[in-house]
Amino acid sequence: MIEKKDIDAMSMHRERMVQEQLIARGIDSVRVIDAFRKVPRHLFIEDGLIYQAYSDYPLPIAEGQTISQPYIAALMTQSLEVRPDDTVLEIGTGSGYQTAILSELCRKVCSVERLGTIASKARKLLDGLGYHNAMIVIGDGTKGYAERAPYDGIIVTAAGPRVPEPLSEQLKDGGRLIMPIGDERTQSLVKVTRQGRTLKEESLGECRFVKLIGEYAWSK
Ligand code: SAH
């Protein structure tokens with residue numbers, strides 16, 4: 001059980017994370033900064049690692065997966081240019097932290113997770129925090145989620161060799177997709193913007209994510 005003094009300490013660590021890791025490195029969207037100020041990241045971290053929740057690196061979650069470094073999550077979120085009325089698709093729910101951030105910023109979030117155990121843990125957390133505009137679907141996110149398509153934004157929080165075709169097909173005209181693309185060791189964070197039938201691509205820098213496993217990515 002976390003005590004009151006620890007909760008106060010967590011708020012202090014969170015504010016420091018926002019100042020030193022996000023604002024100081026150029027995250028300047030007020031909406032994005034406010035979302036990172038608000039979401040209690042420490043609740044999405046494994047018990048034994050809770051005091052590292054606001055540290056400047058990724059942390060392990062269950063099943064060999066990771067929760068991204070705060071700055072990378074913020075960079076991806078800001079690059080997604082989420083507006084209040086948007087519907088966003090997330091691939092790789094993981095801890096549910098990024099899902100919570102997106103829930104703060106848009107009307108509807110559909111998050112697809114491959115592993116059932118991870119998905120149900122995230123669902124419980126998000127329910128407890130009142131993020132009812134986020135739905136979690138268990139399945140292969142490389143196929144997207146056609147039921148709610150098209151999307152204003154798509155964020156993939158696992159790395160693959162290329163943008164899965166169903167994802168670019170489920171992107172609205174003017175929609176943005178952010179995804180790490182490369183091999184298993186190093187990837188480049190790519191932003192794809194749909195302009196009619198053209199997909200404009202730009203790189204946001206180097207990164208390293210866990211593997212995207214599915215029909216339109218790696219097989220294992
Ligand atoms: N955004 C998460 C971190 C995700 S880690 C957070 O904030 O915590 C990457 C997640 O992608 C893992 O949980 C992994 O199981 C999931 N994943 C990998 N391949 C997938 C696929 N094809 N479809 C859906 N989820 C996938």
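Start at 1 and go down the list; that is how both ligands and their atoms are numbered.
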Just heavy atoms, cut-off under 4.0 Å: does Gln65 contact ligand 1 by side chain, backbone, both, or neither? side chain
dist Asp152:CG -> Asp86:CG (nearest 0.5 Å) comes out at 3.5 Å
Nearest non-hydrogen partners of Tyr57 and Pro70, listed with the distance: O-CD, 4.2 Å
CD of Glu90 to OG1 of Thr77: how many Å apart, nearest 0.5 Å? 9.0 Å
Side-chain donor/acceptor of Arg194 to backbone N/O of Leu199, under 3.5 Å: no
Taking atom types as modelled, is there a side-chain donor on Ser68 or Gln98 under 3.5 Å from an acceptor on the other? no
Sub-4.0 Å heavy-atom contact, Ala122 with ligand 1: no
Atoms in ligand 1 flagged as close to Gly139, the criterion being non-hydrogen separation under 4.0 Å: 23 (N), 24 (C)
For the residue pair Tyr97 and Val39, establish whether any side-chain heavy-atom pair is separated by less than 4.5 Å. yes
Thr142: numbered ligand 1 atoms lying under 4.0 Å from its heavy atoms: 22 (N)
Run down the list Met76, Glu113, Lys211 and name the one with the heavy atom closest to atom 16 (C) of ligand 1. Glu113
Heavy atom of the protein closest to atom 1 (N) of ligand 1 (residue, atom name, distance): Thr157 OG1, 3.0 Å
Can you tell me if Glu90 has a non-hydrogen atom under 4.0 Å from ligand 1? yes
Counting from 1, what ligand 1 atoms have a heavy atom of Val112 closer than 4.0 Å? 24 (C), 25 (N)
Between Arg14 and Tyr54: side-chain donor-acceptor atoms closer than 3.5 Å: yes
Taking atom types as modelled, is there a side-chain donor on Ser188 or Ser203 under 3.5 Å from an acceptor on the other? yes
What residue and atom, counting heavy atoms only, is the protein's closest point to atom 7 (O) of ligand 1, and at what distance? Gln98 N, 3.2 Å
Among Ile118, Ile67, Ile101, Ile213, which one puts a heavy atom closest to atom 21 (C) of ligand 1? Ile213
Option whose closest heavy atom lies nearest to atom 26 (C) of ligand 1, chosen from Glu215, Arg114, Lys143: Arg114
Flag yes if more than 12 heavy atoms outside Glu206 fall under 6.0 Å of its CD atom; otherwise flag no. yes
Heavy-atom contact check, 4.0 Å cutoff: does Thr93 meet ligand 1? yes
Return the closest protein heavy atom for atom 11 (O) of ligand 1 as residue, atom name and distance. Gly92 CA, 3.2 Å
Can you tell me which portion of Leu115 lies within the under-4.0 Å heavy-atom range of ligand 1? Options are side chain, backbone, both, or neither. side chain
When distances are taken from atom 3 (C) of ligand 1, the protein heavy atom at minimum range is Thr66 O, 3.2 Å
What I want to check is whether the side chains of Asp173 and Gln195 have a donor and an acceptor closer together than 3.5 Å. no
Any atoms of ligand 1 less than 4.0 Å from a non-hydrogen atom of Val210? List them with their elements. 5 (S), 9 (C)
Using distance alone, with no hydrogens and no angle criterion, decide if Arg107 and Thr87 have a side-chain donor and acceptor under 3.5 Å apart. yes
Which residue and atom name correspond to the protein heavy atom nearest atom 8 (O) of ligand 1, and how close is it? Ser95 OG, 2.6 Å
Which ligand 1 atoms are under 4.0 Å away from a heavy-atom of Gly141? 21 (C), 22 (N), 23 (N), 24 (C)
